[in-house]
Trainee: 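Dropping the structure in here first, questions after.
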Amino acid sequence: ELKVEQNPLFLSMQEGKNYTIYCNYSTTSDRLYWYRQDPGKSLESLFVLLSNGAVKQEGRLMASLDTKARLSTLHITAAVHDLSATYFCAVDPDPFQGAQKLVFGQGTRLTINP
Amino acid sequence: DVKVTQSSRYLVKRTGEKVFLECVQDMDHENMFWYRQDPGLGLRLIYFSYDVKMKEKGDIPEGYSVSREKKERFSLILESASTNQTSMYLCASSSNPGVEKLFFGSGTQLSVL
């Protein structure tokens, strides 16, 4: 059974600092997704990582995937308050079986203080 | 933009009631999903459907059923609601092939009293 674990689960940081959220998963997969959720809102897709070594960047967020280590990271550069949200990673355990049956991590609640 | 619409934002039901949660998507997506979200547990897949009238169990199907009579609509049914089904329910859809991201609805917060 695939398990997806994020750490930290809670992160409070100051504006302007850098930090990394880690996503570990327990079985082989080369398909990993990052989502963002604002309080009271739904999930918004950030990145889809489809192969070992994949790196994607959007603004102050950069995601990478190491399938051999079964690890993805979401790096935040020079954080700003608008990035405060809960971030989820999700792994597709069976990427060649049609519909994406994602297994989600617990989520990392990120709070960025002025 | 893809729109996934869930019929209710908040619902309060009594134990033993039959509950219907409705979801409609407007992008002709083949795949539709129902997740529940609980604090500290992330999202867990209840059921999904990859075509009209086709459904498959996810990780936690017990106590739930689904219906997909039309491509754009996917319903989650709680046959006899229980208090442990109090949760946020999220519907999602996606297109094939299976690399595409999921688009989520805004969620239904269900309270079972």
Side-chain angles (χ1 to χ4, degrees), chain A residues 1-10 21 23-27 29-51 54 56 58 63 65 72 85-109, chain B residues 1-6 8-10 23 25 27 29-52 54-61 66 68 71 74 88-109:
Chain A
E1 180 190 342
L2 172 62
K3 292 194 186 307
V4 181
E5 294 190 347
Q6 292 181 232
N7 74 83
L9 300 184
F10 298 93
I21 299 170
C23 175
N24 289 90
Y25 54 98
S26 61
T27 63
S29 176
D30 60 0
R31 199 147 302 165
L32 191 135
Y33 302 74
W34 283 98
Y35 285 87
R36 167 184 173 147
Q37 186 179 39
D38 291 303
K41 301 282 180 68
S42 192
L43 276 75
E44 172 192 351
S45 176
L46 293 174
F47 302 109
V48 181
L49 303 169
L50 298 177
S51 61
K56 290 203 174 174
E58 175 92 23
L65 178 61
S72 179
T86 299
Y87 293 86
F88 291 93
C89 65
V91 177
D92 188 347
D94 223 350
F96 301 103
Q97 292 295 318
Q100 310 87 323
K101 300 176 286 293
L102 302 187
V103 178
F104 281 78
Q106 312 97 308
T108 296
R109 184 182 293 181
Chain B
D1 279 353
V2 174
K3 196 160 186 182
V4 179
T5 303
Q6 294 183 232
S8 304
R9 184 72 179 94
Y10 299 97
C23 175
Q25 51 96 0
M27 282 301 290
H29 282 169
E30 293 83 7
N31 307 316
M32 296 188 75
F33 308 83
W34 276 106
Y35 284 88
R36 66 176 279 177
Q37 182 179 11
D38 299 290
L41 296 178
L43 280 73
R44 292 177 292 165
L45 181 62
I46 304 171
Y47 266 98
F48 69 97
S49 168
Y50 51 89
D51 202 350
V52 176
M54 306 303 290
K55 60 189 179 187
E56 282 197 29
K57 293 179 181 179
D59 299 317
I60 52 164
V66 290
R68 194 167 180 199
K71 191 174 185 180
F74 193 35
M88 171 68 82
Y89 290 87
L90 291 166
C91 175
S93 71
S94 71
S95 60
N96 285 326
V99 300
E100 297 301 320
K101 62 187 179 184
L102 272 61
F103 293 85
F104 283 85
S106 54
T108 296
Q109 179 63 52

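It should be emphasised that the depicted structure is a prediction, and the values quoted were computed from it without experimental measurement. Chain naming here is simple, since letters A, B, ... match the order of the sequence lines and numbering starts at 1 in each.
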Trainee: Taking atom CZ of A:Arg36 as the centre, report whether more than 12 heavy atoms of other residues, nucleotides or ligands fall under 6.0 Å from it.
Mentor: yes
Trainee: Where on B:Gln37 is there a heavy atom nearer than 4.5 Å to chain A: the side chain, the backbone, both, or neither?
Mentor: side chain
Trainee: So which part of A:Leu43 gets closer than 4.5 Å to some heavy atom of chain B, the side chain, the backbone, both or neither?
Mentor: both
Trainee: Atom NZ of A:Lys101 and atom CD of B:Glu56: how far apart are they, to the nearest 0.5 Å?
Mentor: 6.0 Å
Trainee: Mind listing the closest non-hydrogen atom pair of A:Gln100 and B:Ser94 along with its distance?
Mentor: OE1-OG, 2.7 Å
Trainee: What distance do A:Phe104 atom CZ and B:Leu102 atom CG have between them, rounded to the nearest 0.5 Å?
Mentor: 6.5 Å
Trainee: Between atom OG of A:Ser42 and atom CZ of B:Phe103, what is the distance when rounded to the nearest 0.5 Å?
Mentor: 11.5 Å
Trainee: Under 4.5 Å from any heavy atom of chain B, what part of A:Tyr35 do you find: side chain, backbone, both or neither?
Mentor: side chain
Trainee: Between B:Arg44 and chain A, which part of the residue has a heavy atom less than 4.5 Å away: side chain, backbone, both or neither?
Mentor: neither
Trainee: Is it the backbone or the side chain of B:Leu45 that comes under 4.5 Å from a heavy atom of chain A, or both, or neither?
Mentor: side chain
Trainee: Report the distance from atom NZ of B:Lys101 to atom CG of A:Leu46, rounding to the nearest 0.5 Å.
Mentor: 9.5 Å
Trainee: At a heavy-atom separation under 4.5 Å, does A:Glu44 approach chain B through its side chain, its backbone, both, or neither?
Mentor: neither
Trainee: Please determine, among B:Ser106, B:Gly107, B:Gly58, the option with the most heavy-atom pairs under 4.5 Å with chain A.
Mentor: B:Ser106
